[in-house]
Amino acid sequence: MDILNQKWLLLIVGGILLGFTGMNWNIPIFAWITLVPFLRFVRLGHSWWILLFALILIQTLSTMRIVSEPFHIGIAVLSGIQGGTVFTILLWIWNQIRIKFSDQISPTFSLVFLFTIVEWIGGYSSELGVWGMFANSQINNLILLQSAALFGATGISFLIFLVNGSLEQSLSEIITHSQISKFTKYSLITCFLLFVGLSFYGTIRLTIPIEGKSIKVGTITSKIEIQTMWLEPIQNRKNTELIFQRTIQAANEGAKVVVWNEGAVLINRNEEVSFLQRVSILAKAMGIEIIAAYIVPVKENEFFMDNKLHWIGKDGSTRQIYFKQFIPPGEPVSHIPTEIQVIETEWGKMSAAICYDFDNLQLTKKHAELGTGITFIPASDWKGINPFHTEMAVLRGMENGSSIVRSTRGALSGIYDAYGRPKGTLDYYEENDGVLVASVPVAQVPTLYQSLGNWMIILGGFYFFVSGAFILVNVLKNRN
């Protein structure tokens, strides 16, 4: 067992596991054991400085998997520094709890709740949103992901952390005592029962039909990049005509609501009124709802813009004006606060968001509270996050019981029901006409998560509160 005490081997194995967890080149099974080498490293008392630099390097190299234009290497380095530092601090806190208070608080459950709560805080309030969630590693396990309807993606991460903590604790006890304790046995059994139980739940849920009517919806995408529209007015005009033609095509194929990709066209400020009049006339003539997403240059000699959408009803009226709310770090877009709305249509309640908005749990919660049955998402990605970013948005829909219609430049466009099942997809990098039309349910599917929110976080807070009380009593007793 000496090999399991070698710090460099632990870091190398941990680096490989963590490096291929989540995002592109994701190997789902790695997530269930990826923390074990790092927990072992910490338990053996190896250098914290070595761990910090190793985690920064690992996180940076891991993020490099999604590096392609317009995502630059510098952002990967900044992301690596942030991720590696936070990861090291969490391991340090866990180690302090394990060493000093293991009689009052379980090392395994303190690890699980600590990582789960911090992950939720990131998804709710950090600039990176839900990108760091371990649940994302299971994005293609549709059966397990059904449990997001019970406790959100944070609950799935909780299970992953529980498996990691239980396996490391078992390994440590076997190496040290040649057997595992009763508590650790119970922990392993709990992991097994939870995984099997949630698998049964997901399998059964997927056999239950979604009630209510379905309607045909359409996504429109263009292969003209924003930089090209910005620098080449002729190409921009051609692209605008193409978007209108494809909107007509989608309507002719039966789409009742058509959504463009993010920044589908570039419209100068002095042209905006006439442009919107044209969209309005088209919507009224075809009898469709159009979610027209476009950009407006703000500064004459600087690449900076308003990123917005106008929801035009089939009667030609403006239903909603919405600006992108959750801005990725460094994106040259103005932030204009806009209220999230639900649009009442003859088919049901619908809402709209723009791309990165659906990476923030605070914003997606609002959509659920308003009772939306379908969320339309104009988006613009790049090859390095295709199709991962679209699939992340689908997970938000599974949490909140809503269908997702995501029209995406530079990646996968898709129409998904509230169970996360694809009703139709269109890959940007394949030869196609840029038009996707499919039927999808309109009604919101009730979920426990939608009603109670992140109740796993409340449970974790309660656990730390009770454990803290026990620790305080023990400290006072020892002083006396």
Side-chain angles (χ1 to χ4, degrees), residues 22 79 82-83 86 113-136 139 145 148-158 262 307-309 320-331 333-343 349-379 385 388-406 418 420 444-461:
S79 177
Q82 178 181 321
V86 171
F113 280 121
L114 178 65
F115 272 72
T116 303
I117 290 171
V118 171
E119 188 180 86
W120 170 78
I121 291 172
Y124 200 82
S125 60
S126 82
E127 288 186 339
L128 297 178
V130 297
W131 277 88
M133 279 193 163
F134 264 62
N136 294 335
I139 212 83
L145 289 186
L150 298 175
F151 40 48
T154 50
I156 298 171
S157 293
F158 173 90
E262 179 183 12
N307 188 342
K308 61 196 296 191
L309 65 80
Q320 182 185 19
I321 301 173
Y322 179 86
F323 292 82
K324 190 171 188 176
Q325 295 301 290
F326 192 47
I327 313 296
E331 186 169 275
V333 171
S334 56
H335 183 252
I336 300 174
T338 309
E339 183 182 2
I340 294 170
Q341 300 176 24
V342 66
I343 307 300
K349 293 181 177 181
M350 304 176 181
S351 64
I354 298 178
C355 199
Y356 203 62
D357 289 346
F358 244 58
D359 291 338
N360 180 275
L361 294 180
Q362 189 172 356
L363 294 180
T364 58
K365 177 185 176 184
K366 185 64 176 177
H367 286 266
E369 290 173 347
L370 293 172
T372 183
I374 304 180
T375 299
F376 293 89
I377 308 175
I385 57 175
F388 193 72
H389 202 193
T390 293
E391 293 166 342
M392 285 169 59
V394 176
L395 181 52
R396 307 281 81 75
M398 296 168 73
E399 290 175 329
N400 297 318
S402 61
S403 299
I404 297 294
V405 181
R406 195 172 192 266
Q444 186 182 49
V445 176
T447 69
L448 185 65
Y449 177 83
Q450 172 200 120
S451 301
L452 300 181
N454 280 287
W455 58 271
M456 290 292 295
I457 303 304
I458 298 173
L459 182 63

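Residues Lys324 and Ser334 have side chains not in contact (no heavy-atom distance under 4.5 Å, counting atoms from C-beta outward). No side-chain heavy atom of Gln450 sits less than 4.5 Å from a side-chain heavy atom of Glu399. Counting only heavy atoms from C-beta outward, the side chains of Leu459 and Phe158 never approach each other to under 4.5 Å. Contact annotation: the side chain of Lys308 never approaches that of Thr338 to less than 4.5 Å [non-hydrogen atoms, C-beta and beyond]. Between Glu331 and Pro329 the shortest side-chain heavy-atom distance does not fall below 4.5 Å. Looking only at side-chain heavy atoms (C-beta outward), Tyr449 and Asn400 come within less than 4.5 Å of each other. With contacts defined as side-chain heavy-atom distances shorter than 4.5 Å, the pair Phe151/Ile156 qualifies. For the pair Ser351 and Lys366, the minimum side-chain heavy-atom distance is 4.5 Å or more.
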query: Stepwise, does the side chain to side chain contact (heavy atoms under 4.5 Å, CB included) test hold for Val130 with Arg396?
result: CA-CA 10 Å; Val130 297; Arg396 307 281 81 75; 3.5 Å; yes

task: Report the C-alpha separation of Met392 and Met133 in whole Å, then their side-chain angles, then the decisive distance to 0.1 Å, and conclude whether the side chain to side chain contact (heavy atoms under 4.5 Å, CB included) test is met.
output: CA-CA 10 Å; Met392 285 169 59; Met133 279 193 163; over 6 Å; no

field: Derivation of the side chain to side chain contact (heavy atoms under 4.5 Å, CB included) call for Ile340 and His367
entry: CA-CA 7 Å; Ile340 294 170; His367 286 266; 3.7 Å; yes

message: Quick one, Gln362 with Ser125, criterion side-chain hydrogen bond (donor to acceptor under 3.5 Å, both in side chains). Give me CA distance, side-chain angles, the key distance, then yes/no.
response: CA-CA 8 Å; Gln362 189 172 356; Ser125 60; over 6 Å; no

query: Does the side chain to side chain contact (heavy atoms under 4.5 Å, CB included) test come out yes or no for Val333 and Tyr356, once each step is laid out?
result: CA-CA 12 Å; Val333 171; Tyr356 203 62; over 6 Å; no

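Here the OG1 atom belonging to Thr372 is positioned 8.0 Å from the CD1 atom belonging to Ile404, to the nearest 0.5 angstrom. With rounding to the nearest 0.5 Å, the separation of CE in Met398 from CG in Leu145 is 4.5 Å. The structure places NE2 of His335 at 10.0 Å from CZ of Phe326, a figure rounded to the nearest 0.5 Å.
For the pair Glu119 (side chain) and Leu114 (backbone), a donor-acceptor distance under 3.5 Å is absent. Checked by atom type and distance alone, the side chain of Trp131 never pairs as donor or acceptor with a backbone atom of Asn136 at under 3.5 Å.
Ser402 approaches Thr375 most closely through the heavy-atom pair OG-OG1, 4.2 Å. In terms of heavy atoms, Gln320 sits closest to Ala352 at OE1-CB, 4.1 Å. In terms of heavy atoms, His389 sits closest to Cys355 at CE1-SG, 4.0 Å. Closest approach of Gly461 and Ile117 over heavy atoms only: N-CD1, 4.1 Å.
One side chain, Tyr322 or Asp357, offers a donor N or O that lies under 3.5 Å from an acceptor on the other.
For CD of Glu127, the number of neighbouring non-hydrogen atoms (other residues, nucleotides, ligands) closer than 6.0 Å is 12 at most.
With Phe358 as the fixed residue, the side chain to side chain contact (heavy atoms under 4.5 Å, CB included) test singles out one of Thr364, Thr390, Val394, Leu363: Thr364.
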